[in-house]
Amino acid sequence: MTTTATAARGTGAGDEGGAPRRPPGRDPGPGRAGRVRSRLYRWDVRYSPYAFVAPFFLFFAAFGLFPLLYTGWASLHRVELAAPDDMRWVGLRNYTRLLDDDFFWNALGNTFTIGVLSTVPQLLMALGLAHLLHYRLRAANFWRVALLTPYATSVAAATLVFVLLYGRDYGMANWALGAVGIDAVDWQSGTWTSQFAVSSIVIWRWTGYNALIYLAAMQAVPDDRYESAALDGASRWQQFRHVTVPALRPTILFTIVVSTIGATQLFGEPLLFGGAGGQKGGASHQFQTLGLYLYEQGWFSFHLGRACAVAWTMFLILLLIAAVNTTIARRLRKSH
């Protein structure tokens with residue numbers, strides 16, 4: 001009886017589930033632990049995205065923004081490699097010296113020439129290869145991987161192989177020319193021959209990469225456009241001209257800009273192609289690019305201030321290229 005009465009008092013005074021009743025009009029609210037958890041949750045939702053992206057901005061500030069600003073500051077000073085802490089203010093003198101330096105203009109012209117010789121054939125070949133791969137081929141995945149192989153190859157390894165190919169006495173290029181009755185060519189000594197040789201290395205390395213970019217853009221073109229063109233009697237060449245190329249205009253513009261930026265910063269290929277004196281770009285500076293000119297000024301002439309001025313000049317050229325790209329992109333969007 002005592003146990004039964006106690007159980008009745010414990011269950012009868014509560015709700016249907018046996019929970020004790022709360023006095024009417026009284027809500028104790030969350031406890032202190034609940035408020036802390038709620039505050040931490042709000043902070044997590046608000047600030048965790050910034051925490052996730054913070055490492056990128058920290059590394060960018062340390063290894064991108066700070067070197068850029070410091071290089072700009074150093075370009076306004078006279079700084080020597082032997083005493084990098086001894087900085088003497090010279091204002092824009094390093095920039096005016098560039099305008100009076102024939103080697104700077106020579107490097108700028110070589111950069112432009114090599115850029116044209118490498119970019120135009122490279123993108124045309126990439127567009128043609130992408131067009132071939134866009135249709136059904138046997139072992140399509142194999143050909144796509146094969147196209148990307150040169151891009152994955154080391155710059156040093158590729159350039160050294162091309163140095164052997166363009167060797168004056170025992171190179172395969174001169175052997176092929178001799179087979180058709182053409183005299184051997186000293187590829188490194190001539191202006192156009194050396195620039196063509198350097199451009200061929202760039203073409204070999206980047207054609208497949210751009211071809212895969214074009215291929216991805218082609219696969220995004222709706223098939224009904226090609227079907228409509230085929231019903232109208234258009235050949236594959238006409239489909240390529242009037243369907244594929246107009247649809248790929250933004251992608252083509254992107255690859256042109258990226259290739260132009262890469263040509264402006266060209267360094268490894270001409271340096272290794274030139275051998276021991278690669279920083280000069282040949283005995284007569286015939287294939288010295290802006291990157292090699294910067295390298296020569298800073299680490300062989302020991303003028304870090306001038307090298308910084310060259311670096312900022314290259315940066316301004318890239319900004320000009322980006323501005324032209326933006327203008328053309330806007331006009332293309334308006335035309336559509």
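Predicted model, so just to flag it, every value in this text is computed and none were measured. If you read the sequence from its start, that first residue is 1, and numbering goes on from there.
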Quiz item: How about Asn110 and Gln286: does a side-chain donor come under 3.5 Å of a side-chain acceptor?
Solution: no

Exercise. For Ser154 and Ala156, indicate whether the former's side chain and the latter's backbone hold a donor-acceptor pair under 3.5 Å.
Key: yes

Quiz item: Side chain of Asp232, backbone of Ala234: donor and acceptor closer than 3.5 Å?
Solution: no

Quiz prompt | Aromatic plane relationship, Tyr209 with Trp206 - under 30° parallel, 30 to 60° tilted, over 60° perpendicular | solution = perpendicular

Quiz item: Between Tyr295 and Phe300, is the gap from one ring center to the other below 6.0 Å?
Solution: yes

Quiz item: Does a side-chain heavy-atom distance below 4.5 Å link Thr289 with Thr264?
Solution: no

Practice problem: Could you go through the side chain to side chain donor-acceptor pair (under 3.5 Å) check for Tyr95 and Ser75 one step at a time? | Solution: CA-CA 8 Å; Tyr95 293 93; Ser75 67; 2.8 Å; yes

Quiz item: Side chains of Ile201 and Trp204: does their closest heavy-atom pair fall under 4.5 Å?
Solution: no

Quiz item: Any idea which heavy atoms bring Ala263 and Gly115 closest together, and the distance?
Solution: CB-CA, 3.6 Å

Exercise. Could you tell me which non-hydrogen atom of Ala62 sits nearest to which non-hydrogen atom of Pro67, and how far apart they are?
Key: O-CD, 3.5 Å

Exercise. Answer yes or no: is there a donor N or O on one side and an acceptor on the other, between the side chain of Gln188 and the main chain of Phe273, under 3.5 Å?
Key: yes

Quiz item: Considering all heavy atoms of both residues, which atom of Tyr293 and which atom of Ala107 are nearest to each other, and what is their separation?
Solution: CB-CB, 3.9 Å

Practice problem: Could you give me the CA-CA distance, side-chain angles and deciding distance for Leu99 and Trp105, then say whether side chain to side chain contact (heavy atoms under 4.5 Å, CB included) is met? | Solution: CA-CA 8 Å; Leu99 301 178; Trp105 293 107; 3.8 Å; yes

Self-check item: Exercise: do Thr244 and Tyr226 side chains pair donor with acceptor under 3.5 Å
Solution: yes

Exercise. Apply side chain to side chain donor-acceptor pair (under 3.5 Å) to the pair Thr326 and Arg330, showing each step before the final yes or no.
Key: CA-CA 6 Å; Thr326 303; Arg330 288 178 179 176; over 6 Å; no

Quiz item: Got His285 and Glu296 here, is their nearest side-chain heavy-atom distance under 4.5 Å?
Solution: yes

Quiz item: Hey, which of Leu129, Leu133, Leu148 is the one that makes side-chain contact (heavy atoms from CB on, under 4.5 Å) with Trp143?
Solution: Leu133

Quiz item: Quick one: CG on Leu98 to CG on Leu92, what's the gap to the nearest 0.5 Å?
Solution: 11.0 Å

Self-check item: Criterion side-chain contact (heavy atoms from CB on, under 4.5 Å) against Ile321, the qualifying member of Asn325, Ile317, Leu319
Solution: Ile317

Practice problem: Please examine the side chains of Leu318 and Gln265, heavy atoms only from C-beta on, and report whether any two atoms are closer than 4.5 Å. | Solution: yes

Quiz item: When you check the side-chain N and O atoms of His134 and Gln219, is any donor under 3.5 Å from an acceptor?
Solution: no

Exercise. Identify the heavy atoms of Gln122 and Asn210 that sit nearest to each other, and give their distance.
Key: OE1-ND2, 2.5 Å

Quiz item: Given the rule that I, L, V, M, F, W and Y join up when any side-chain heavy atoms are under 4.5 Å apart, are Leu127 and Val257 in one cluster?
Solution: no

Quiz prompt | Euclidean distance, Thr193 OG1 relative to Asp186 CG, rounded to 0.5 Å | solution = 7.0 Å

Practice problem: Start with the C-alpha gap between Leu290 and Leu266, add the side-chain angles, then the distance that decides, and say whether side chain to side chain contact (heavy atoms under 4.5 Å, CB included) holds. | Solution: CA-CA 8 Å; Leu290 286 175; Leu266 192 63; over 6 Å; no

Quiz item: Any ion pair linking Arg225 and Glu227 (charged N to carboxylate O, less than 4.0 Å)?
Solution: no

Quiz item: Do other residues, nucleotides or ligands put more than 12 heavy atoms under 6.0 Å from Trp89 CH2?
Solution: yes

Exercise. Report yes if the side chains of Thr207 and Tyr151 come closer than 4.5 Å at any heavy-atom pair, otherwise no.
Key: no

Quiz item: Hey, does Lys280 have a side-chain heavy atom less than 4.5 Å from the side chain of Leu292?
Solution: no

Exercise. Indicate, with yes or no, if Phe66 and Phe56 share a hydrophobic cluster defined by side-chain heavy-atom contacts under 4.5 Å among Ile, Leu, Val, Met, Phe, Trp and Tyr.
Key: no

Quiz item: Atom OG1 of Thr113 and atom CD of Gln195: how far apart are they, to the nearest 0.5 Å?
Solution: 5.0 Å

Self-check item: Sub-6.0 Å ring centroid separation between Tyr70 and Trp73
Solution: no

Quiz prompt | Min side-chain heavy-atom separation Gln297-Leu304 under 4.5 Å | solution = no

Quiz prompt | More than 12 heavy atoms of other groups within 6.0 Å of Asp223 CG | solution = no

Exercise. List the steps and the verdict of side chain to side chain contact (heavy atoms under 4.5 Å, CB included) for Phe315 and Leu68.
Key: CA-CA 9 Å; Phe315 177 66; Leu68 178 66; 4.3 Å; yes

Quiz prompt | Residues in ring pair (Phe, Tyr, Trp, His ring centres under 6.0 Å) contact with His131, at least two apart in sequence or another chain | solution = Tyr135, Phe240

Quiz item: Where do Ser200 and Phe162 land on the side chain to side chain contact (heavy atoms under 4.5 Å, CB included) test, with the steps shown first?
Solution: CA-CA 9 Å; Ser200 64; Phe162 273 85; 4.0 Å; yes

Quiz item: Which atom pair, heavy atoms only, marks the closest approach of Arg168 to Asn174?
Solution: O-ND2, 2.9 Å

Quiz item: Is Phe112 reachable from Leu123 through a run of I, L, V, M, F, W or Y residues, each pair having side-chain heavy atoms under 4.5 Å apart?
Solution: no

Quiz prompt | Under 3.5 Å side-chain donor-acceptor pair for Gln288 and Gln279 | solution = no

Self-check item: Side-chain heavy atoms of Ile213 within contact of Thr255, under 4.5 Å
Solution: yes

Quiz item: Taking all atoms of both residues into account, what is the closest heavy-atom pair of Ala126 and Tyr214, and its distance?
Solution: C-CD1, 3.7 Å

Self-check item: Nearest-0.5 Å distance that lies between atom CG in Leu215 and atom CG in Leu132
Solution: 10.5 Å

Quiz item: To the nearest 0.5 Å, what is the distance between SG (Cys308) and CG (Leu76)?
Solution: 9.5 Å

Quiz prompt | Met87 atom CE, over 12 foreign heavy atoms within 6.0 Å | solution = yes

